[in-house]
Amino acid sequence: MIRLHVAAILPILCVGCEDAAPPPPASFKPAVTPQESSPWFEDIAEASNLDFKWISGDDGQFLMPEIVGGGVALLDFDGDGDLDVYFVQGGSVTDAWRNPESNTAANRLFRNDGLMQFTDVSDATGAADGGFGMGVAVGDIDGDGDPDLYVTNVGRNTMLRNDDGVFVDITESSGTGDQGWGASAAFFDADLDGDLDLFATNYLDWNPDTEITCFSPLGGEDYCSPRNYLSPALDVFYRNLGDGRFADATVEAGFDAQSGTGLGIVHADWNGDHRPDIFIANDGMRDLLWMSRPDGTWSEEGMTRGCSLDDEGVAKAGMGVDTTDLDDDGDFDIIVCNLTGESDSIFRNDGDYFVDITGRTGVRASTKHATRFGLGWIDFDNDGWLDLYEANGAVTRISVPQTDDPYAQADAVLKGRSGPKFTPVSPAGGTADSIILTSRAAAFGDLDQDGGVDIVVVNKDASANLYRNINSARGNWLALDIRDASGRPAIGAIVSAQLGERVLTRPVRRASSYMASNDPRVHFGLGSATALKNVTIQWPDGTVQQVGQLKAGQTHRLQR
């Protein structure tokens with residue numbers, strides 16, 4: 001080895017990798033004084049029987065995939081109305097690469113039995129894929145009402161079709177077994193024909209037999225920066241043929257025009273032409289913005305539209321990514337998180353182009369002290385303003401480790417307010433007890449259906465966290481379960497509604513964060529308001545439906 005009818009449902013009670021430069025000193029901390037508060041979350045994974053540890057396979061060889069994974073998805077696989085949890089597992093990189101069947105570690109599916117109690121049903125449901133797992137996407141590919149899974153691996157990716165709660169491996173028959181190093185993926189209707197297509201990012205053109213050796217400024221071997229490999233990879237785009245098969249349309253659609261080190265993916269209509277576009281967060285390379293054309297091809301316009309580089313012209317180590325209307329102007333803005341020493345990048349959508357507003361939001365000064373991966377713009381305290389959660393963990397050894405894990409860093413919660421402005425919350429991560437781990441994927445959803453959004457976080461070689469939202473200052477809330485005519489989550493629909501003098505706009509999507517799939521229901525914090533007014537749905541084909549006023553404290557199912 002070289003090295004979207006209306007029904008009210010009552011509450012169903014980097015890698016960014018550091019370059020070979022001296023690490024920041026141990027005193028390198030947020031430049032903004034954190035806002036002291038009571039805990040926002042408590043980790044109840046153990047009490048909930050959500051017992052999962054992502055196994056990196058780290059045995060001293062410093063194989064790059066060990067420091068990148070793993071992923072997690074929130075989905076209602078059995079149709080009982082609550083969110084279950086699917087974890088992607090690692091194991092041994094070399095074993096999984098050469099023969100996935102020899103990898104003793106496998107993906108795990110935990111059924112939500114209510115009240116945040118879970119049962120491992122992996123084996124009984126056929127969900128235990130054995131590849132060295134990275135990320136996971138969720139989507140109903142055949143329109144039968146069951147959410148299916150696409151798992152990205154180091155090596156062959158896996159498509160798992162959900163047949164009434166039992167998963168069947170249809171990778172070969174579906175034609176979706178890409179053999180690269182997969183990372184984040186997304187199901188969405190790229191061609192607006194009514195079924196879900198698939199876009200999967202690839203990180204590096206890599207295999208364990210050609211691994212290289214890199215060294216830490218602290219002495220000794222460590223994980224490499226992706227820049228050391230000089231081997232960006234092509235992402236892959238599959239068009240859904242509607243009969244259980246997908247066609248590799250990467251070249252036909254024009255996605256072969258640019259390779260990259262893709263880690264994060266999110267889709268939205270950023271230019272208002274009623275066609276979905278794609279943003280890819282690349283690690284150490286400029287990020288990519290793929291804009292869809294009427295003829296079914298795509299053009300990469302990140303540089304011309306101003307969201308490939310930061311405001312200093314720097315390509316950062318992009319990992320996690322999210323999009324929503326942060327400034328209430330009706331279009332979708334983008335956030336990308338990056339590496340220690342690099343702040344997040346918030347790109348405000350001004351119509352034809354984006355503007356980097358990171359500095360004026362307070363995020364620049366308060367995020368660059370850690371390496372961030374999973375993230376989400378979520379209103380955790382239900383005050384009507386989006387907050388920011390980031391799952392942190394280094395990719396090269398820290399000079400003065402805070403735990404026995406030399407890569408561990410505390411996660412972060414930033415409280416949002418008008419501006420938009422963000423202020424770090426203390427205690428770090430919003431938990432009463434300091435939890436410092438090497439965190440990667442973060443998935444967001446209301447797992448106990450109490451109106452507060454919860455978080456599942458995957459950690460390298462440590463137990464996953466189930467952060468129940470216990471914020472004592474939570475305001476009123478409302479959630480929208482937007483379904484298309486067939487009853488599937490209407491991925492790509494856009495919801496707008498009036499809250500006081502503000503008009504809030506939110507996308508319906510699962511894919512965001514880092515190697516994760518999230519609750520597709522749209523959550524609104526309402527503060528003291530008791531209803532959301534003038535609710536409107538724009539369906540993926542551009543058709544607009546007026547819904548009107550909806551009461552707080554409920555999940556409303558809105559079906560076309």
Side-chain angles (χ1 to χ4, degrees), residues 1-3 14-15 17 52-72 87-108 122 127-136 150-160 169 171-172 176-185 200-216 220-234 236 261-263 283 373 393-397 405-407 438 440-441 458-462 464 515:
M1 181 184 66
I2 303 173
R3 289 282 312 135
C14 231
V15 164
C17 287
F52 178 82
K53 178 188 294 185
W54 190 78
I55 302 169
S56 73
D58 178 6
D59 61 1
Q61 298 187 70
F62 294 96
L63 300 178
M64 188 65 160
E66 298 168 356
I67 200 66
V68 182
V72 62
F87 289 106
V88 176
Q89 184 56 282
S92 166
V93 178
T94 52
D95 287 351
W97 178 269
R98 295 179 178 125
N99 179 16
E101 294 182 1
S102 70
N103 186 16
T104 57
N107 302 350
R108 310 310 294 170
S122 310
D129 178 60
F132 192 90
M134 288 283 114
V136 57
Y150 187 70
V151 179
T152 60
N153 293 310
V154 181
R156 194 205 76 159
N157 294 343
T158 300
M159 179 75 80
L160 296 173
D169 188 335
T171 308
E172 298 306 319
T176 54
D178 185 70
Q179 296 284 347
W181 177 349
S184 294
T201 66
N202 280 314
Y203 185 45
L204 294 170
D205 184 3
W206 179 96
N207 75 72
D209 296 323
T210 58
E211 180 62 286
I212 61 177
T213 299
C214 297
F215 296 91
S216 169
E221 193 173 350
D222 208 340
Y223 294 102
C224 297
S225 162
R227 295 181 178 96
N228 292 99
Y229 295 88
L230 301 176
S231 59
L234 276 180
V236 60
T261 48
L263 285 179
D283 184 6
F373 282 84
V395 291
T396 57
R397 297 199 310 275
D405 180 353
Y407 305 97
T438 302
R440 294 298 180 249
V458 176
N459 302 297
K460 175 183 178 291
D461 295 319
M515 296 192 187

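Closest heavy-atom contact between G70 and A441: O-CB, 3.0 Å. Nearest heavy-atom pair, A185 versus T152, reported as atom, atom and distance to 0.1 Å: CB-CG2, 4.0 Å. Between G262 and T201, the shortest heavy-atom contact is O-OG1, 3.5 Å. Taking each heavy atom of M64 and Y223 in turn, the nearest pair found is CA-CD2, 4.3 Å. Scanning all heavy atoms of the two residues, the minimum distance from A105 to G90 falls at CB-O, 3.9 Å. Closest of all the heavy-atom pairs between V68 and Y203 is CG2-CE2, 4.4 Å.
Checking side-chain atoms of D205 against main-chain N and O of P232 turns up no donor-acceptor pair under 3.5 Å. Judged purely by atom type and a 3.5 angstrom limit, N202 uses its side chain to pair as donor or acceptor with the backbone of L234. Checking side-chain atoms of E66 against main-chain N and O of S92 turns up no donor-acceptor pair under 3.5 Å.
W54 meets the ring-ring contact (aromatic ring centres under 6.0 Å, His included) test with F132; sequence neighbours excluded. Not a single ring-ring contact (aromatic ring centres under 6.0 Å, His included) links Y150 to another residue, sequence neighbours left out.
Between the CG atom of N459 and the CZ atom of F373 there is a distance of 12.0 Å, given to the nearest 0.5 Å. A distance of 7.5 Å separates CG of N157 from OG1 of T176, quoted to the nearest 0.5 Å. Rounded to the nearest 0.5 angstrom, L204 CG and L230 CG are separated by 10.0 Å. One finds the CE atom of M134 at 6.5 Å from the CH2 atom of W181 (value rounded to the nearest 0.5 Å). Atom SG of C214 sits about 8.0 Å away from atom CD of E221, to the nearest 0.5 Å. Taken from CG in L63 to CH2 in W206, the straight-line distance is 5.0 Å, to the nearest 0.5 Å.
Taking the side chain as every heavy atom from C-beta outward, F62 and D222 approach each other to under 4.5 Å. The shortest side-chain heavy-atom distance between T396 and S216 does not fall under the 4.5 Å cut-off. Counting heavy atoms from C-beta on, the side chains of D129 and N153 come closer than 4.5 Å.
A salt bridge links D58 with K460: the closest approach of a Lys/Arg side-chain nitrogen to an acidic carboxylate oxygen falls below 4.0 angstrom.
Defined by atom type and a distance below 3.5 Å, a donor-acceptor pair is present between the side-chain atoms of R156 and T158. Looking at S56 and D461, their side chains do bring a donor and an acceptor atom within 3.5 Å of each other.
For the pair R108 and F87, the cation-pi criterion (under 6.0 Å, within 45° of the ring axis) is not fulfilled.
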* To do: Test L263 against M515 for side-chain contact (heavy atoms from CB on, under 4.5 Å), laying out the working first.
  => CA-CA 7 Å; L263 285 179; M515 296 192 187; 4.0 Å; yes

Could you go through R98 and D209, starting from their C-alpha distance and side-chain angles, then the distance that decides it, and tell me whether this counts as side-chain contact (heavy atoms from CB on, under 4.5 Å)? CA-CA 10 Å; R98 295 179 178 125; D209 296 323; 2.6 Å; yes

